[in-house]
Amino acid sequence: MRLLVSDLTHRYDDLTVLDGIDLTLAEGEILAVIGPSGCGKSTLLGIAGGIVAPTSGSIRVEGEVPDGCLNPITFIFQDFALLPWRTVEDNIALVLEHHKLSAAERRERVDSGLRRMGLSEFRNALPKQLSGGMRQRVGIARALAVRPAMLLLDEPLSALDAQTRELLMDDFLELWRREKTTALYVTHNLDEALRLADRVCVLSRRPGRIRELVTIEVPRERRQEPSAQAHLAEVRGRLWHLMKAEAQMADREIARA
Amino acid sequence: MPDSLNPTVTPTASTAGQPVRFRGGGFTVKRHPWAALGAFAVLIGLWEGASRLGLASPLFLPPPSAVAHALAGMVTDGSLWLNLKASLARIAVGWVMGTAGGMLVGFAMGIFSTARAVGVPLVSAFFPIPKIALLPLFILWFGIGEPSKFATIGFGVFFPTVIATYSAIDQVPRNLIRMAQSFGLPWGSILRSIVLPGALPGILAGFRITASIALILVVAAEMIGAEYGIGAFVLMAGNLMQTDTLLAGVLVLSLLGLAIGTVLSQLERRLLNWR
């Protein structure tokens, strides 16, 4: 599924957070969006997922949806957004409840999500009993259960510690190796962008405008190899150069939101 | 102390340098399981002793033994059950009516902005009225019998339930609702699967408040006009100067409050084990 954003602007009252965003996500592409806090990254994602209404401009999707897809555009949240009163299994089943599915298929979708995220032995656990990493795995399993055509990831690893973040990045890589799901990945972490994305979109400080779109030339699977390091270091340097100035200036502004 | 700073001299643990003084004590809660029992025993002992020694008149402050005796008498002559039954029935009917109505209105106010805009000023206006003041009016409307008591208790329970319910709905994390919307859950499912369970802790906390309001109101209403009921029983004992029986009635009320509290705690533990 492709995503087409054109001349998108968003204001909260008199505060402009996104200004004239034009962006196209190709089929199967992973685009990381980075930028300083408050630059409207999450708002962009909310608009793309239809849970925030944009002030002006258009956001459209086109293209095919995989077989058995129940919710083409699906979120993975920073705070996991799990229901604390439901077990792991029931949290995943929640998003299937309003669909007409056979009992067998319902079970299959829940079980395969659990299996792929290594959660099978925790199926009856409550969220409070799980570590942050396992909670986010439940969030991923829940997203996989609806067989999405496009994933919207809102800083999915920000609430996790560094080691857990590494482990989950591997999980994402494995996920994108198997399913070529288009993804918009919002983060403020350069490592995540450099490991996972095909292209990186740098947003300016508020009001968020596109500063630059950087393509990472090395394919995802080869980025751990020594030969890739020179290119990655160069991209990192460029991204950091762009981000640093924006972040410094954003840091010195008085927060209003 | 140059020695202790010199890495070539290995200090022995017990002699070199200064010990670090422990300064992290206090400000923690320690459990004293027998303290509560002891406090009751001492209080009852002092009270009984004061009475036996003639320091307190048994007519105005009968000793615990006399109260226990009166309570035993209530059990054997059946007056305990007769009066308790009447009070419990009033609490049950009034509380259920007030709670059902209050939750309905509270949910409406929690979900619909219009209902809230209309409801909040009305609730704020009616909530502070001591509901027992309305009993005479309810007696005129419904007669001296049961309905006027149900109405007083129901009315008293209704407003705190409304407030507890809509505040509880405000406490439901919005991110969970947005999550459900992003997966396309219909409105009814969001209400049933997210808003209702998410509001449950606040609603149950409201039950604790309304249960004690119901207990206060049933006693007050029974003192104004009832043949049976713990409130009527206590009033009658007072009129007859039977202070031991009076205190036995008060003891029953205290145990009743304790029992209701225990039931609610159990309910919370069962329903909110996810917290």
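It should be emphasised that the depicted structure is a prediction, and the values quoted were computed from it without experimental measurement. In what follows, chains are A, B, ... by sequence order, proteins preceding strands, each numbered from 1.
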More than 12 foreign heavy atoms under 6.0 Å from [atom1] of [X]: is that the case here?
{"X": "A/Asp13", "atom1": "CG", "answer": "no"}
{"X": "A/Glu64", "atom1": "CD", "answer": "no"}
{"X": "B/Phe126", "atom1": "CZ", "answer": "no"}
{"X": "B/Arg174", "atom1": "CZ", "answer": "yes"}

Side chain / backbone / both / neither for [X] at chain B, heavy atoms under 4.5 Å:
{"X": "A/Arg86", "answer": "side chain"}
{"X": "A/Leu82", "answer": "backbone"}
{"X": "A/Val146", "answer": "side chain"}

For chain B, the option from A/Thr87, A/Leu70, A/Leu152, A/Leu83 that forms the most heavy-atom pairs under 4.5 Å: A/Leu83
Top contributor to chain B interface from A/Gly46, A/Gly49, A/Ala81 [non-hydrogen pairs under 4.5 Å]: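 Top count of heavy-atom pairs under 4.5 Å with chain B: A/Ala81.
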Heavy-atom distance under 4.5 Å to chain A: side chain of B/Ile194, backbone, both or neither? both
Can you name the nearest heavy-atom pair linking [X] to [Y], along with the distance?
{"X": "B/Phe183", "Y": "A/Thr74", "value": "CE2-CG2, 3.5 Å"}
{"X": "A/Phe75", "Y": "B/Ser182", "value": "CD1-CB, 3.4 Å"}
{"X": "A/Pro84", "Y": "B/Leu176", "value": "CD-CD1, 4.2 Å"}
{"X": "B/Ser193", "Y": "A/Glu97", "value": "OG-OE1, 3.8 Å"}
{"X": "B/Asn273", "Y": "A/Lys128", "value": "O-NZ, 2.8 Å"}

Do A/Leu94 and B/Met179 have side chains that approach each other closer than 4.5 Å (heavy atoms only, starting at C-beta)? yes
Backbone N or O of B/Ser189 within a donor-acceptor pair of the A/His98 side chain at under 3.5 Å?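 Not at all, since once roles are kept as given, no pair shorter than 3.5 Å links the two residues.
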So, taking the atom named CH2 in A/Trp85 and the one named CG in B/Leu271, what distance separates them when rounded to the nearest 0.5 Å? 13.0 Å
Audit row: A/His99, B/Leu185, side chain to side chain contact (heavy atoms under 4.5 Å, CB included) steps and yes/no: CA-CA 9 Å; A/His99 293 287; B/Leu185 265 76; over 6 Å; no
